Each structure stands twice: as structure tokens, then as C-alpha cells.
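As C-alpha cells, the structure follows; a few thoughts come after it.
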There are 2 protein chains.
Amino acid sequence: MDKLSYTLKDVAERAGVSLTTVSRVINKRGYFSEKTKSRIYATMQQMNYHPNSVARSLSGKKTKLIGVILTNTHNPFNAELLEKIELELFNREYKVIIANSSDNPQKERAYISLLQSNQVDGLITASHNTIIDDYHELTLPVVSLDRYFGPRIPTISSDNFSGGQTAAQILIDGGARRLLVFSGEINDTNPTMDRTNGFIDISKKHNMIPIVQVMPSDATVNFRKMLIRQEILKQKPDGIMATDDTTALLVLEELRIMHLQVPHDVQVIGYDGSDFVLQSFPELSTIVQPISDLAKTLVDTLIKKIEQPDILQERQYTFPITLHRGASTN
Amino acid sequence: MDKLSYTLKDVAERAGVSLTTVSRVINKRGYFSEKTKSRIYATMQQMNYHPNSVARSLSGKKTKLIGVILTNTHNPFNAELLEKIELELFNREYKVIIANSSDNPQKERAYISLLQSNQVDGLITASHNTIIDDYHELTLPVVSLDRYFGPRIPTISSDNFSGGQTAAQILIDGGARRLLVFSGEINDTNPTMDRTNGFIDISKKHNMIPIVQVMPSDATVNFRKMLIRQEILKQKPDGIMATDDTTALLVLEELRIMHLQVPHDVQVIGYDGSDFVLQSFPELSTIVQPISDLAKTLVDTLIKKIEQPDILQERQYTFPITLHRGASTN
DNA sequence: AAAAACAACGAAAGCGCTTACATTTTTTAA
DNA sequence: TTAAAAAATGTAAGCGCTTTCGTTGTTTTT
């Protein structure tokens with residue numbers, strides 16, 4: 001009768017060596033002869049042996065596991081970021097445990113504790129709850145997207161302020177005078193604040209003060225749509241920025257229903273520029289974040305912190321944004 | 001100087017009990033007094049102790065880790081499926097390791113081996129490579145979305161054949177006579193085959209034979225767009241089904257560029273009906289898969305296999321699809 | 001030819017837990 | 001009141017690895 005899974009000892013016995021030797025061969029560490037090496041490989045193959053990385057981690061101290069904390073996975077920006085992070089980590093032989101905070105500080109907290117218990121080697125956080133204290137207590141390597149946690153945790157972001165500025169400039173250059181912003185929750189852990197501030201900055205330079213409507217993060221889609229409709233009716237804007245593309249798409253949708261012409265009656269610009277949105281809705285003008293660069297830098301920085309903890313690194317990486325001009329702006 | 005992380009023993013010493021007692025309290029197993037319980041809790045709190053689940057898994061045999069194998073994470077259907085799977089698993093105190101196969105059998109294979117090494121308690125697979133053998137060798141609990149692996153691995157799916165039928169019926173009822181299908185790769189591990197077959201089935205009953213254009217899974221977006229344009233020019237269809245929404249959106253995009261009116265000149269129907277697409281592009285008619293039901297059933301079935309391996313379960317769960325009627329069909 | 005260095009391997013401790021099996025103390029039953 | 005049952009805690013063996021020391025040959029050096 002086969003065992004469910006074999007151990008080092010089983011392999012060792014079958015190959016007629018000690019388990020130390022097998023371990024050495026597997027880890028390519030220390031001395032062993034070519035002959036025993038191939039014999040051991042053959043035996044492992046034959047037994048379909050898979051080293052137990054739980055045991056390995058327990059003695060070796062590394063799990064090769066990275067926790068990735070996101071707000072959610074359905075937003076295309078997050079989805080693509082996650083995919084690219086996963087790819088980068090896979091290439092470095094790390095695995096990822098996902099943790100959706102669902103905009104719920106409690107859940108984020110629970111996950112931080114869980115991930116710590118699971119001995120992840122590091123953490124990438126791209127959520128935006130205001131629970132910075134929990135991160136400060138962590139002793140393991142962390143890198144953050146957008147959210148600033150103090151000098152010990154590197155922050156990787158794209159230039160949100162400048163993105164907001166660019167968006168405003170585009171709308172104003174296109175002739176907009178009544179500006180409206182649909183923004184995510186505004187607090188200093190949330191990059192949408194910088195975007196909105198950048199937008200306000202340029203608006204003011206043109207003697208305009210945009211109306212800012214915050215979208216509650218726990219709002220349902222229908223509620224969002226209602227808010228959008230209501231605000232458009234009330235403000236009669238001719239230029240709208242949404243601080244993320246999914247909201248921008250909802251805006252376009254509502255404008256269509258209201259029979260307002262884009263960009264003739266109202267210009268619209270979004271934010272994020274995920275590949276999916278760029279490809280499927282090229283009409284939407286949007287501020288494009290360099291998702292691949294962000295993912296790569298998050299991973300590079302984290303892995304360096306893990307594997308070479310003594311090397312000093314930048315505390316902050318800010319990537320420039322780009323603009324995608326679609327037909328939704330002039 | 002603080003240690004980086006405390007162990008059971010540290011807690012035990014500090015609380016003045018044996019480490020067995022602490023273990024019992026943590027696991028709420030066996031006898032212990034209310035008094036020591038609260039003392040131990042207090043100590044743990046105070047030390048910010050997190051049980052090492054690696055050690056726990058090594059002795060306890062369970063990791064509470066589930067591997068989720070997906071093709072990718074950027075497709076909204078996958079992204080939402082993943083999100084819902086994660087939610088269900090979190091509620092049952094399981095964590096998820098994601099594994100993007102990237103349409104690459106080699107990577108999928110590597111991940112299967114990796115996940116096995118990591119002692120995951122079970123596997124959910126929603127990828128569509130034709131590497132069924134690797135799964136057969138697995139001794140751990142597996143459930144599959146769509147792909148059939150034989151009687152030992154439950155298959156959860158929505159009714160792909162019927163979805164294809166419905167799509168055809170809608171187009172034909174709307175007056176379409178020259179039918180075109182943009183399909184994913186066609187092989188028996190891929191649900192798009194059933195969708196296409198359902199479509200063909202109804203078409204034939206109306207004495208039509210649709211043209212089927214396969215989209216290679218490794219094609220770039222530009223190549224896809226080119227294929228779409230080319231095929232539309234060649235076939236001059238008046239009814240198009242795409243076996244996934246992302247392709248359907250590209251079709252809409254190309255039709256717009258070609259100045260063909262939807263649905264007047266060409267009707268279009270997609271497949272998947274993720275919330276994101278339903279909300280942001282309600283114009284697109286599409287076959288809606290019950291993503292939540294699929295996720296919940298995948299998780300329920302898997303967890304039951306893990307925790308109550310002796311209970312017999314259905315080998316197959318098929319959920320009905322629904323139709324979302326947008327403005328892209330008559 | 002002896003000393004030093006290297007190569008190939010093994011024994012055993014230990015990573016931080018769980019758990020079967022004591023052992024001691026308290027409660028309950030008769 | 002005393003034996004039996006229940007409650008509270010402890011001891012120690014492992015879980016499957018890595019790793020530090022050995023030990024024993026085999027080369028190399030001079």
C-alpha cells in the first residue's frame with residue numbers, strides 16, 4: 001500500500017543513503033558525488049516525492065510566501081496589479097497568499113495577524129484602510145502601494161498629485177468651466193486624496209473651484225449611480241474627473257442615459273488606465289498608472305528587504321503617470 | 001531586547017504553566033481552568049504572540065491553505081470568481097494561495113507541484129490547459145470549474161451548452177441570419193467548446209451554420225482586434241457571439257470603428273456576465289454565469305471533501321445560466 | 001612519505017508546535 | 001468517608017526537514 005506522501009527518510013532508505021545526504025542533494029549544498037546525486041534524483045522521481053515545505057520552513061526559517069493585501073480583486077486595476085505581482089514573485093520562486101480587505105479594517109487586521117502566523121516572509125499592502133498602527137507593530141518586511149507608513153516601510157506609488165493636475169488641465173484645455181470630481185474616500189492613507197488635490201490645484205490656478213463628491217467605499221453600485229445622476233443634475237458640470245476608471249465608466253453610462261453628449265456637453269476623464277479598460281473602452285480618457293512598474297518595484301523592493309536586509313533602499317519610489325486621450329475629452 | 005517572535009514556550013514560562021496547557025487554551029481542547037485561560041490570554045496579548053502556523057501544520061497535518069489555480073486574474077470573470085472564492089474561504093478560516101497558469105501548461109504544472117509541496121489542504125482549479133494527468137496523480141482533494149477530470153474530481157459549472165443555445169436563439173429571434181462566433185480555444189477541457197456547440201446546435205435547427213473563429217489563447221489584444229476586424233469584413237455577419245465578454249467588448253469596439261450600427265447592422269452577445277461588465281456596459285447582451293453560486297459550490301464541495309472525506313458527494317453540479325438583455329441585441 | 005586539504009557521507013539536535021499518556025488535584029457519588 | 005470520576009496540568013515523543021559536527025576515505029601539497 002502506498003503512503004499518501006513520502007518523506008525524506010523514505011527516499012533515503014530507498015536510495016540507500018542517510019537522509020542528510022538526500023537533503024544535501026535536494027538543496028545542492030555541501031559535498032556529494034555525482035553518482036549518489038543521480039541515484040537520489042531517480043528515486044525521488046520514481047516515488048513522486050515532493051519535499052514538505054512546511055517542515056522545510058520550520059527548520060529553515062523561510063516560507064517563500066508573500067502576503068498581498070488588496071482592497072478587492074474585482075477592480076481591474078487591482079486585478080492587474082495582483083497578476084503582475086504574482087508573475088514577478090513566481091519568477092523569484094515566491095508564492096502569494098491573497099488577502100482581500102474588502103474595505104473592512106477588521107478583516108485587514110485579521111489578515112495581518114493571520115499572515116504573521118503563517119510566517120510569510122513579507123507583505124505587500126495595497127489596501128487603503130486607516131489602520132496604520134497594525135503595520136507599525138510588524139517586524140517583517142513590508143512594502144506599501146501609495147499608503148505612507150513612516151520611514152521604515154517603503155512607499156511605491158505613481159504621481160497621484162500630478163495625475164490629478166493633468167486631468168484638470170485636460171478638461172480645462174478642452175473648455176470645461178464647471179468641474180466635478182467623483183472621488184474615493186478622502187483620508188491621508190488614500191491616494192485619491194492626492195489626485196483630487198492635484199485637480200483642485202490646477203483648477204484654482206484657472207480660478208475655478210471644482211465640486212468634489214466623495215463616493216463612500218461601501219456604497220453599492222446602484223447607490224453610486226444614483227449619486228452620480230443626482231450630482232450631475234445638480235451641478236450641471238461640463239468636465240468630470242473620477243478618481244478611478246470604474247467610477248468613470250459609471251459616469252459615462254449615466255450620461256448616456258441622460259442623453260448628454262460626451263465630450264460635447266460633458267467631458268469625462270478617469271484614473272488608473274488598466275489594460276482592460278484601455279483595450280475595451282479606449283474612448284475613455286484616463287490617467288494611466290504604470291502598473292507593471294509599480295508591481296515590479298513593489299516586488300523588487302520587498303525581496304531586497306527580505307534577502308538583503310542590510311542594504312539601504314529608497315524610502316519612496318514615485319513613478320510618472322501618462323495620459324490616455326480618448327474621445328471622452330476634447 | 002525583544003525577540004523577533006515569541007514561542008509557545010515563552011508564553012508558557014511567562015504565564016507560569018507548561019506549554020501543553022498553553023496549547024490547550026489556544027486550541028480550546030481538553031481541560032483547563034477559567035483562571036489559567038484568562039491569564040494565558042492576557043500574557044499572549046501582552047507579548048503580541050502569534051502562534052506559528054508552520055509548526056502547527058507540521059504536527060497537526062492541516063495547513064488551512066487552499067491553492068486556487070486560475071488562467072489569469074485580469075479577466076473580470078476570473079477576478080470576481082477569485083474574490084468570491086477568497087471570501088468564502090476566509091469565512092471558513094482558510095487562506096488562499098493564488099496560482100496563475102497564464103495559459104501555460106508548464107507553469108500550471110510547476111504550480112501543482114509547488115502547492116503540493118506547500119501541503120495545501122485542497123485545490124480549486126479553474127484553468128483550462130490540457131494537462132489532466134497531473135491532476136490524476138494528486139492525492140489531495142481537488143474540485144474543478146468546468147474542466148472534467150474523471151469521477152474522483154467534482155466538476156462545478158454553469159450550463160455552457162444551454163448558454164450557447166440561448167445566445168443563438170436570441171440572435172436568431174432578433175433576425176440574425178449570418179452568424180459568427182468568436183470562440184476560445186476548442187478542446188474538451190475548455191468550456192467554450194460547449195458554448196460554441198450549443199450555439200451551433202440551435203443554429204442548425206434554424207438551418208444555419210455559424211462560422212466559428214477561434215481566438216488563440218496566447219494572442220495579443222492587437223492580434224485579436226485584427227482577427228475580429230478581418231473576420232467581420234469577410235463574413236459580413238449580422239449576429240455575433242463571443243464566448244467571453246472581454247472578446248465581445250472588443251467586437252463592439254471594432255464595430256464602432258467600422259461604423260456598423262449595433263444592433264441594427266450587427267447584433268452582439270457576450271458570455272460571462274461579471275458584475276463589472278454588467279454594471280459598466282449594460283448595453284452588452286450577455287449570458288450570465290452565476291459566479292457567486294459557482295464560487296460557493298466550489299468551496300463548499302472542496303471543504304466537505306477535506307473535512308468529511310467519507311461523505312459521498314455529487315460528481316457534478318451544473319447551474320443554470322441567465323440572460324442579460326442589453327441594447328446590443330434586438 | 002607525512003601533513004594538510006578535500007570529498008563524501010552520517011548521527012543527532014532542534015525548529016515550534018500537537019497529542020498520547022501520565023500525574024496530581026478537585027469534585028462527585030455512594 | 002472514601003472510592004471513583006472529572007478536571008487541571010505536565011512529560012515527552014514526534015511531525016519532516018536543515019544544519020552543525022563528526023568520521024572516514026581520497027587527494028593534494030611539499
Side-chain angles (χ1 to χ4, degrees), chain A residues 3-41 43-44 47-65 113-114 116-121 139-140, chain B residues 3-41 43-44 47-65 113-114 116-121 139-140:
Chain A
K3 292 174 64 171
L4 269 116
S5 64
Y6 294 104
T7 71
L8 251 203
K9 201 173 146 210
D10 298 324
V11 177
E13 276 168 8
R14 188 95 90 97
V17 291
S18 81
L19 97 197
T20 314
T21 302
V22 181
S23 174
R24 264 192 291 254
V25 167
I26 289 178
N27 296 295
K28 305 189 202 313
R29 185 200 305 289
Y31 296 119
F32 48 84
S33 72
E34 196 59 35
K35 217 175 72 187
T36 52
K37 175 183 149 188
S38 43
R39 182 149 41 91
I40 286 171
Y41 271 131
T43 316
M44 291 194 302
M47 300 172 88
N48 189 28
Y49 168 76
H50 291 260
N52 180 330
S53 44
V54 170
R56 213 169 205 182
S57 303
L58 186 57
S59 32
K61 298 289 165 218
K62 302 260 134 210
T63 55
K64 290 282 187 175
L65 236 31
S113 169
L114 215 56
Q116 232 179 323
S117 276
N118 274 274
Q119 313 296 115
V120 295
D121 290 342
T139 52
L140 51 84
Chain B
K3 293 175 59 171
L4 268 118
S5 65
Y6 294 105
T7 71
L8 252 203
K9 200 174 146 208
D10 297 325
V11 176
E13 275 168 9
R14 188 96 91 97
V17 291
S18 82
L19 96 197
T20 314
T21 302
V22 181
S23 173
R24 264 193 291 257
V25 168
I26 289 177
N27 296 293
K28 304 187 201 312
R29 185 202 306 289
Y31 296 118
F32 47 84
S33 72
E34 196 60 35
K35 217 176 72 189
T36 51
K37 175 183 148 187
S38 43
R39 183 151 39 92
I40 286 170
Y41 271 132
T43 316
M44 291 193 305
M47 301 172 88
N48 189 27
Y49 168 75
H50 291 261
N52 180 329
S53 45
V54 169
R56 213 169 205 181
S57 302
L58 186 58
S59 32
K61 299 289 163 217
K62 302 262 133 210
T63 54
K64 291 279 187 178
L65 236 31
S113 169
L114 215 56
Q116 231 180 324
S117 277
N118 274 274
Q119 313 297 114
V120 295
D121 290 343
T139 52
L140 51 84

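Owing to the predicted nature of the structure, the values given are computational and were not obtained by experimental measurement. Note on naming: letters A, B, ... go to the chains in the order of the sequence lines (proteins, then strands), and numbering restarts at 1 for each one.
Taking 4.5 Å as the limit, every side-chain heavy atom of Leu114(B) sits out of range of all side-chain heavy atoms of Lys64(A). Side-chain contact check for Leu8(A) versus Ser23(A): some heavy-atom pair is nearer than 4.5 Å.
Looking at the side chain of Arg24(A), the nearest of the listed nucleotides dA12(D), dG10(D), dG10(C) is dG10(C). Here the side chain of Tyr31(A) is nearest to one of dA6(D), dC17(C), dA7(C), namely dA7(C).
At least one side-chain nitrogen or oxygen of Thr21(B) sits closer than 4.0 Å to the OP1 or OP2 atom of dG10(D). At dC9(C), one or more side-chain N or O atoms of Ser33(A) fall inside 4.0 Å of OP1 or OP2 (strictly under the cut-off). The shortest distance between the side-chain N/O atoms of Thr36(A) and the OP1/OP2 oxygens of dA8(C) is not below 4.0 Å. OP1 or OP2 of dC15(C) has not a single side-chain nitrogen or oxygen of Ser59(A) nearer than 4.0 Å. Remark: Tyr49(A) is in phosphate contact with dC17(D), judged by side-chain N or O atoms under 4.0 Å from OP1 or OP2. For the pair Asn27(A) and dT18(D), the criterion of a side-chain N or O lying under 4.0 Å from OP1 or OP2 is met. Taking only side-chain nitrogens and oxygens, Arg29(A) comes nearer than 4.0 Å to OP1 or OP2 of dT19(D).
Screening residues 15-30 of chain A for salt bridge (Lys or Arg N to Asp or Glu O under 4.0 Å) gives no qualifying pairs among residues at least two apart or on separate chains.
Between the CD atom of Gln119(B) and the C1' atom of dC17(C) there is a distance of 15 Å, rounded to whole Å.
When the salt bridge (charged side-chain N to carboxylate O under 4.0 Å, His left out) test is applied to Lys37(B), the partners found at least two apart in sequence or on another chain are Glu34(B).
Residue-to-nucleotide proximity on DNA chain C shows that, of Thr20(A) and Ser23(B), the 5′-proximal contact is made by Thr20(A).
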